[in-house]
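Following: one structure in structure tokens, then a few remarks.
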Amino acid sequence: MKASQFHLHTQREVPADAEIVSHRLMLRTGMIRKLTSGIYTWTPLGLKVLRKVEQVVREEMDASGCLEMLMPAVQPSELWTETGRWGDFGPLLLKMTDRAGREYAFGPTHEEVITDFARFELKSYKQLPICLYQIQTKFRDEIRPRFGVMRAREFLMKDGYSFHMDDDCLADFYQVMHETYSRIFSRLGLKFKAVRADSGAIGGAMSHEFHVLAESGEDQIAHVPDGSFAANVELAEALAIGERQLPGEELQLVDTPEARTIADLVEGFKLPVEKTVKTLIVHAAEDAEHALIALLVRGDHELNAVKAEKLPQVAGPLKMADEETIRAAIGAGPGSLGPVKLPIPMVIDRTVAAMSDFGAGANIDDKHYFGINWERDVELPEVADLRNVVAGDPSPDGDGKLELIRGIEVGHIFQLGKKYSESMNAVIMDEQGKARHPAMGCYGIGVSRIVAAAIEQNHDDRGIIWPEPIAPWEVVILALNQHKAHRVREKAREIYDALRVAGVEVLVDDRPLRPGVMFADMELIGIPHQLVIGERGLDQGVVEYRQRGGESREIPVGEAVGFLREAIDLPNQAQPLRPMQ
RNA sequence: CGGGGUGUAGCGCAGCCUGGUAGCGCAACUGCUUUGGGAGCAGUAGGUCGUAGGUUCGAAUCCUGCCACCCCGACCA
């Protein structure tokens, strides 16, 4: 490709609303253009990268025996009513009405459509197992779209669905998908981690998320460096810290007029933060004995909303009580709450249950109890895992200590089981001629998000540094002043042709620009290999090679093509597997 | 959804308080010079000032409604 014939439109200045580096660089390079909130146009440059990601995903899915298809983006409400998700999916679902008043959703995912397809297409155990997938535009009406295509409303996703006669077959294929995903992210040149996402809310179902590791990631991952444990913080099990000691202090009521927060208590009364307890008041489930429920965590710990919502007594979604409600029920404000003589039910975190001689509010304004001990001063309430894990916590799985890192979720695989095949009554005849609901798995990859995640992980102050497999071009030839220098033009043309014949994806920058602009542009758009051809070098019979971000070196003109072919990684193709036989 | 903020040329911004013919930088276009790290000079083009109404002799500027976009949102208990 000649740069003069491509639409390159880079910018030095960035729209003020771009916050993270991938968003800024995608706008500055001109890869994307915002149409409206959370909705983007992919320009020719951006699309080249998007298609490369897509192609790697497609090749690996195909190599694992999956079959590509394409389902409609627009789906009738009836299917969603069947599974109950027309309401359950909530405001994320973009709904629309046609001229006859029929209701539709723009698909945020396709379990309903694929299950509907399956109940017509899949009749016999002889057709199973099977995995069908598509790469398609989805729409989720996010509350707050941000970070460009990282959290967009419209996005490109690969979604796959597998069907199996039994759970064992599903579990085996799930493992195949786990490996397939690992190969995909490896081939894309990304540093990633597979983490456990749910250990069994639905009877033995398994789920893993795949995260691209990056400081700017929206998700926190707890893991043990030896690889024995990795999970999203939302779900990582928090064990009790320490064991409960016998009471060593008397219970005492203390005047604490200025102490509204844990920090105030720690500073004003020399109470170690590990000896304090936070009392959080949330709304209870509708059928609970009281309208409110108290959740207690240690002063320096955070409540985990996902875990709290799983408690049957707690209203979902989690809703904190406001001060007025708290006063009406307890008679004290939020700064003075605690377990002693608390008039509403409570659930305490495992670590809180292991504490002794601790301080907490007295449920009287401006007073706290110090030296509180379970059983002696308060009956031990229900104990549950309520908090987020913190760095240094014991691993729930083995010996190590947890570390926290950040990641961008780019893939998610899940054993669905029979949830959809049962609710939509998809049945398959087994070998005994008996109708059975197939077990299903689903497997998603955020294709457009991967582009942004790759940039988050690979950039410097000059721009993007593409991993070779997804770079828009493998090589760029900078033909300095070629519009004036015939020798440069001819040599650039010669090397360009030779590289193309050799199957290398090459861009030649033949624009009549000053060299500095060309350097800056090509580094901004992040092409991995750069060949500079100028009169100065040609006088000495050399051209200059530089890897993006690396040092430059001179290459004799005649060896340039051979050198580049060596420098570029051999194409890493998918290795065919036959997992489903 | 709640709170806050912003809408002026493709991008970044000034002008608004104190009403009087809409400006700057970058980008774009033309010409000349320049040419190994985002050039210089000269010139050109581009804006219903988000939108609807109101006040006024006169509104980007003051007032009201609407729309769009952005940021923050248990973690102070």
Side-chain angles (χ1 to χ4, degrees), chain A residues 8-19 23-24 27-28 30 33-39 90-91 141 143-148 233 256 258-266 276-283 294-306 308-309 314 317-323 325-327 330 332-339 342 359-363 365-366 368 386-388 390 462-463 478-485 488 509 511-524 530 532-539 543-544 546 552 554:
Chain A
L8 273 184
H9 191 107
T10 58
Q11 288 180 310
R12 294 184 71 176
E13 289 179 290
V14 212
D17 52 25
E19 286 210 88
H23 189 194
R24 278 201 291 273
L27 290 170
R28 283 192 58 203
R33 262 294 193 196
K34 183 169 81 173
L35 181 62
T36 184
S37 180
I39 300 181
D141 197 359
I143 298 169
R144 189 142 88 86
R146 59 187 132 172
F147 304 147
V233 162
T256 53
E258 299 300 313
R260 302 256 144 188
T261 68
I262 292 295
D264 294 341
L265 274 185
V266 171
T276 62
V277 162
K278 279 199 284 211
T279 303
L280 306 161
I281 310 297
V282 303
H283 288 264
L295 304 176
L296 277 65
V297 297
R298 200 171 79 179
D300 55 335
H301 286 160
E302 289 179 3
L303 180 68
N304 178 310
V306 174
E309 280 174 24
V314 171
L318 189 71
K319 194 172 162 225
M320 306 296 289
D322 58 32
E323 175 156 1
T325 314
I326 291 171
R327 282 194 177 281
I330 301 171
S336 307
L337 303 179
L342 185 69
N363 303 317
D365 275 336
D366 299 329
H368 280 73
L386 289 179
R387 67 178 177 97
N388 284 334
V390 295
R462 291 180 175 181
L478 300 190
L480 303 187
N481 299 314
Q482 62 101 42
H483 56 294
K484 292 279 176 64
V488 171
D509 196 346
R511 297 174 299 173
L513 296 174
R514 297 170 62 83
V517 179
M518 289 168 56
F519 282 115
D521 264 359
M522 293 306 141
E523 281 164 348
L524 179 64
Q530 203 178 68
V532 182
I533 303 178
E535 293 201 279
R536 206 169 71 188
L538 290 184
D539 285 341
V543 293
E544 191 178 314
R546 178 159 40 185
S552 70
E554 293 183 338

(request) Using a heavy-atom cut-off of under 4.0 Å over every strand shown, decide if I143(A) touches base, sugar-phosphate, or nothing. (result) base

(request) If rU6(B) has a Watson-Crick or G-U wobble mate with both distances under 3.5 Å, name it; if not, just say none. (result) rA68(B)

(message) I'd like to check the salt bridge (charged side-chain N to carboxylate O under 4.0 Å, His left out) partners of E535(A); sequence neighbours left out, ordered by chain and number.
(response) R487(A)

(request) Please identify each residue that fulfils salt bridge (charged side-chain N to carboxylate O under 4.0 Å, His left out) with R33(A), with sequence neighbours left out. (result) none

Tabulate atom names and distances for all N/O pairs under 3.5 angstrom spanning the protein and nucleotides 68-72 of chain B.
{"unit_1": "rC69(B)", "atom_1": "OP1", "unit_2": "T36(A)", "atom_2": "OG1", "d": "2.6"}
{"unit_1": "rC69(B)", "atom_1": "OP1", "unit_2": "S37(A)", "atom_2": "N", "d": "3.4"}
{"unit_1": "rC69(B)", "atom_1": "O3'", "unit_2": "K34(A)", "atom_2": "NZ", "d": "3.2"}
{"unit_1": "rC70(B)", "atom_1": "OP2", "unit_2": "S37(A)", "atom_2": "OG", "d": "3.0"}
{"unit_1": "rC72(B)", "atom_1": "OP2", "unit_2": "R144(A)", "atom_2": "NH1", "d": "2.6"}
{"unit_1": "rC72(B)", "atom_1": "OP2", "unit_2": "R144(A)", "atom_2": "NH2", "d": "2.4"}

(message) I'd like to compare against my own output: the B/S/- annotation of nucleotides 30-43 of chain B with a strict under-4.0 Å heavy-atom distance to protein.
(response) ----BBBBBB----

Listing time: all N or O pairs from protein to nucleotides 7-9 of chain B that are below 3.5 Å?
none

(request) Please determine, for rC57(B), whether a Watson-Crick or G-U wobble partner exists with both distances under 3.5 Å, and give it or none. (result) rG20(B)

(message) Pairing check on rC32(B): which nucleotide meets the Watson-Crick or G-U wobble criteria with it, both distances under 3.5 Å?
(response) rG40(B)

(request) Could you please name the partner base of rG25(B), counting Watson-Crick and G-U wobble pairs only when both distances are under 3.5 Å? (result) rC11(B)

(message) Measuring only the P atom in each nucleotide, how far is rA39(B) from rU34(B)? A whole number of Å is fine.
(response) 16 Å

(message) Suppose you measure atom C1' in rA45(B) against the same atom in rG23(B); what distance do you get, rounded to whole Å?
(response) 16 Å

(request) Tell me the partner of rU48(B), counting only Watson-Crick (N1-N3 plus N6-O4 or O6-N4) or G-U wobble (N1-O2 and O6-N3) with both under 3.5 Å; none if nothing fits. (result) none

(request) Starting at atom CD1 of I326(A), determine the distance to atom P of rA74(B), rounded to an integer number of angstrom. (result) 15 Å

(message) Applying the Watson-Crick and G-U wobble criteria at under 3.5 Å, what pairs with rC1(B)? Answer none if nothing qualifies.
(response) rG73(B)

(request) Find the distance H9(A):NE2 to rC29(B):P and express it as a whole number of Å. (result) 10 Å

(message) For E302(A), give me all partners under salt bridge (charged side-chain N to carboxylate O under 4.0 Å, His left out), at least two apart in sequence or on another chain.
(response) none

